[in-house]
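Notes for the one structure printed next.
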Amino acid sequence: GGSGRTVSDRAVSIRAALEARGVALRVSASDGLGAALGAASGADVVLACGSGVTWESEDRRTLKLDQHDLLAGLAAARKAGTLAAPLVVAVMAPGQVAVSPWAEGADGVVAMFLAGQETGNAWADALLGAVNPSGKLPVTFPLKDEDMAPPCTGAASDHCVYSEGLAPSWRGLIGRDVGFAFGSGLSYTTFSYSWVHFPEPERAGGATLSVAVTNVGMVPGAEVVQLYLTFPAGAGEPPLVLRGFEKT
């Protein structure tokens with residue numbers, strides 16, 4: 001929301017894109033758990049969509065998705081065995097998402113953030129395997145709202161104190177239980193890493209290192225190699241700092 005809001009008259013929904021690819025759908029368009037379980041009866045897979053909204057000039061009041069309660073109900077049904085089909089949660093949100101307790105009960109979680117008018121086609125490509133996802137999270141998904149700095153909203157927004165220093169967002173969550181960590185992300189294949197040149201200090205300063213990345217799975221894919229550095233304990237820096245990445 002806000003001055004940058006643009007609504008395309010050619011936007012493609014997830015439903016329209018999947019149906020255009022020949023996928024037979026039984027749809028529950030409400031956020032009601034009973035209706036969702038009814039539509040899911042006998043299905044091969046359950047795709048549960050959750051979204052969030054943000055706007056200018058004010059913090060989001062919660063990191064929960066608008067469909068948080070529905071997703072939690074479906075996850076509980078999946079864990080209890082009353083939902084037989086695999087549960088895949090499709091996340092569309094403008095930033096971080098609090099994922100507990102629904103993530104623990106889901107068989108798969110896919111996040112796409114803000115993809116524009118081709119959102120539905122992009123989802124169909126990823127979900128049906130036409131494209132092998134290779135993205136990595138640019139934020140950490142916490143378990144719950146309380147894991148993050150509280151929102152600066154309402155009367156309190158006139159005076160908000162942020163005391164995180166150099167460790168806001170994902171850096172402040174290193175070493176703590178989280179849903180999905182900054183830099184994580186799976187694909188439909190598996191990659192193995194091995195040292196080619198173990199880190200070796202150079203006389204002029206710095207160090208040289210290299211690794212080999214091998215696709216050991218069954219389908220083509222891409223991997224993003226990431227380099228994190230740790231500063232000496234007395235430097236006052238966050239526990240880990242991302243200092244390089246390469247998609248291969």
Side-chain angles (χ1 to χ4, degrees), residues 5-53 65-75 77-79 82-95 97 99 102-139 141 179-180 184-191 215-224 247-248:
R5 183 171 184 263
T6 302
V7 180
S8 171
D9 59 1
R10 292 174 291 177
V12 181
S13 70
I14 296 179
R15 176 179 182 175
L18 289 174
E19 289 179 334
R21 312 277 177 107
V23 179
L25 300 179
R26 289 201 298 271
V27 178
S28 171
S30 74
D31 292 343
L33 179 59
L37 291 174
S41 178
D44 296 314
V45 64
V46 175
L47 177 64
C49 301
S51 64
V53 179
L65 294 170
D66 293 347
Q67 291 73 30
H68 179 87
D69 292 342
L70 170 63
L71 298 176
L74 290 171
R78 177 65 174 148
K79 293 176 73 173
T82 54
L83 179 61
L87 173 63
V88 176
V89 177
V91 175
M92 292 174 285
V97 174
V99 300
W102 55 260
E104 295 94 326
D107 296 273
V109 178
V110 190
M112 195 172 286
F113 300 100
L114 307 176
Q117 70 180 33
E118 293 298 320
T119 290
N121 288 325
W123 274 111
D125 281 345
L127 292 171
L128 300 179
V131 171
N132 192 352
S134 59
K136 305 296 184 181
L137 276 180
V139 294
F141 281 5
F180 302 97
S184 65
L186 301 177
S187 73
Y188 295 136
T189 190
T190 304
F191 298 92
N215 185 343
V216 296
M218 300 300 293
V219 297
E223 171 71 339
V224 180
K247 185 175 181 179
T248 180

(Q) Does any part of the side chain of Val109, heavy atoms only, come nearer than 4.5 Å to the side chain of Trp102, both counted from C-beta? (A) yes

Q: Quick one: pull up CG in Leu127 and CE in Met112 and give me the separation to the nearest 0.5 Å.
A: 7.0 Å

Q: Determine the minimum heavy-atom distance between Asn121 and Arg21, stating which atoms define it.
A: O-NH2, 3.4 Å

Q) So which heavy atom on Ala85 is nearest to which on Ala43, and how close? A) CB-O, 3.3 Å

Side-chain donor/acceptor pairs under 3.5 Å, residues 65-72, sequence neighbours excluded:
unit_1, atom_1, unit_2, atom_2, d
Gln67, OE1, Ser51, N, 2.8

**Q.** Atom pair CG/CG of Leu74 and Leu87 - distance to nearest 0.5 Å
**A.** 6.0 Å

(Q) Under a 3.5 Å distance rule, please check whether Arg26 uses its side chain to pair with a backbone N or O of Ala39 as donor and acceptor. (A) yes

(Q) Any side-chain to backbone donor/acceptor pair from Thr82 onto Ala77? Under 3.5 Å, distance only. (A) yes

Q. Are Trp123 and Val110 close enough, and set up right, to give a side chain to side chain contact (heavy atoms under 4.5 Å, CB included), and what steps lead you there?
A. CA-CA 9 Å; Trp123 274 111; Val110 190; 3.5 Å; yes

Q. So do Phe113 and Pro138 actually touch side chain to side chain, heavy atoms under 4.5 Å?
A. yes

Q: Using a 4.5 Å cut-off on heavy atoms from C-beta on, say whether the side chain of Val46 contacts that of Asp107.
A: no

Q: Please check if the side chain of Tyr188 supplies one atom and the backbone of Gly217 the other of a donor-acceptor pair under 3.5 Å.
A: no

Q | Atom of Val89, atom of Ala106 and distance for their closest heavy-atom approach | A | CG2-CB, 4.0 Å

Q) Which atom pair, heavy atoms only, marks the closest approach of Gly105 to Ala75? A) CA-CB, 3.8 Å

Q: Please name the pair of heavy atoms, one in Val97 and one in Val91, separated by the smallest distance, quoted to 0.1 Å.
A: CG2-CG1, 3.9 Å

Q. Above 12 or not: heavy atoms from other molecules or residues under 6.0 Å from CG of Leu186?
A. no

Q: Compare all side-chain heavy atoms of Ile14 with those of Leu47 and state whether any distance is below 4.5 angstrom.
A: yes

Q: Determine the minimum heavy-atom distance between Asn132 and Ser187, stating which atoms define it.
A: OD1-CB, 3.2 Å

Q. Taking atom OG of Ser41 and atom CG of Leu83, what is their separation to the nearest 0.5 Å?
A. 9.5 Å

Q. From Arg78 CZ over to Leu37 CG, what is the distance, rounded to the nearest 0.5 angstrom?
A. 12.5 Å

(Q) Using 0.5 Å steps for rounding, measure from the CG atom of Leu25 to the CZ atom of Arg15. (A) 7.0 Å

